[in-house]
Every structure is written in C-alpha cells, then in structure tokens.
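Numbering of ligands and ligand atoms starts at 1, following listing order.
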Amino acid sequence: MNELLKNCVLCPKKCGVNRYNDKGFCGATNKIKIAYYSLHQWEEPIISGTNGSGTIFFSNCNMKCMYCQNKKISIDGYGVYISNKKLKEIMLLLQEKGAHNINLVTPTMYTPQLNKILNSIKGKELTIPVVDNTSSYENIIALKVRNNRVDVY
Ligand code: SF4
C-alpha cells in the first residue's frame, strides 16, 4: 500500500480520504484509470514534433474546471482501469511507435503510481523525455514526488 493514497492530500483539495476504499473530489481510486492514449499531433508543435507526442489521458481530475474541453474524461471519469504493468507497456509501445515524449495529461491524482512506474523504466527501457501536462492545481508534495522523473512541465 502507498501511504500517500491512504490519506490523500496530493492536491490543494486535501480530501484526506483513503483511496483504497473511498474516492475524494477528483473521483480517482488507488487504481490507475485512463481514457485514451495515442501519438498526438496537436500538442504544442515543439512537443508534438513530426511523429507526435505519446499522450496518455488519465481519467478524473482534481480541478474539474467547468470549461474543460475533455469533460467526459475529467469530470465524468470516462475510462478503464489498468494495471501499473499495462501502463508501463503503453509507455514503451508509444516510444516504439516513434513518440518524441511521454505526455501525462493531468497526472496529479496518480502521482504515487506514476512515480513507481517511472522509477522502474525511466532512463532504462524508457529513454524519451516525460512531459508533465498538469493543470497546475498542485500541492508541493505531489510535485516533489513527480519531479525526479519529469523533464518538461
Ligand atoms: S488528488 Fe483527489 S482525493 Fe487526493 S486530495 Fe486531490 S481531489 Fe482529493
């Protein structure tokens, strides 16, 4: 069990819930949930480059901005639960397909899980940069955990 998920204060909402058996404001549990992944051509040109950005859209959101263009994913929580192993495979697949980077779209709620995954492959099998595509609605605790494996914010 990850201690950060047992009393979740990963973002400024500071729900304090145990995500192993409850959900906070964001709607995320202890399991990673994603809506979509692809070689995304429509990020900023420097991120998409010529081949595309290896973008992974995480379900749920700790900010839930009412103007969000991805409402179905961020507010409605659309997506499927996947294992850490599967997410690792997706990152490596995107790299294999020519992605210039791995682009984590709103990773905040999944900080501890992503830290574990990136610690095991970044700089080893995963050699492309990691982009932290945050809403900026963050607590320093989550940024500190993710910081050692992120190249671009
Ligand atoms: S990440 Fe989710 S559960 Fe944790 S404090 Fe933020 S809104 Fe609450």
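Among the atoms of Cys8, no N, O or S atom is found under 2.8 Å from atom 8 (Fe) of ligand 1.
Salt-bridge formation is not detected for the pair Glu138/Lys144: no Lys NZ or Arg NE/NH1/NH2 atom is positioned less than 4.0 Å from an Asp or Glu carboxylate oxygen. No salt bridge links Lys6 with Asp22; every basic N to acidic carboxylate O contact stays at or beyond 4.0 Å.
For atom 8 (Fe) of ligand 1, the closest non-hydrogen atom on the protein side is Cys15 SG, 2.3 Å. Of the protein's non-hydrogen atoms, the one nearest atom 7 (S) of ligand 1 is Cys26 N, 3.4 Å. What sits closest to atom 6 (Fe) of ligand 1 on the protein, heavy atoms only, is Cys11 SG, 2.3 Å.
In summary, of the residues considered (Thr134, Asp132, Asn133, Asn147), a side chain to side chain donor-acceptor pair (under 3.5 Å) with Tyr153 occurs for Asn147 alone.
Heavy-atom contacts of Gly24 reach the following atoms of ligand 1: 3 (S) (cutoff under 4.0 Å). Each of the following atoms of ligand 1 lies closer than 4.0 Å to a heavy atom of Lys14: 5 (S).
Side chain of Asn18 to main chain of Tyr20: a donor-acceptor pair is present (N/O by atom type, distance under 3.5 Å, no hydrogens or angles). For Arg19 (side chain) and Ala28 (main-chain N/O), a donor-acceptor pair under 3.5 Å exists by modelled atom type. Of the possible donor and acceptor atoms, one in the side chain of Gln113 sits under 3.5 Å from a partner among the backbone N and O of Asn30.
Neither the backbone nor the side chain of Lys23 has a heavy atom within less than 4.0 Å of ligand 1.
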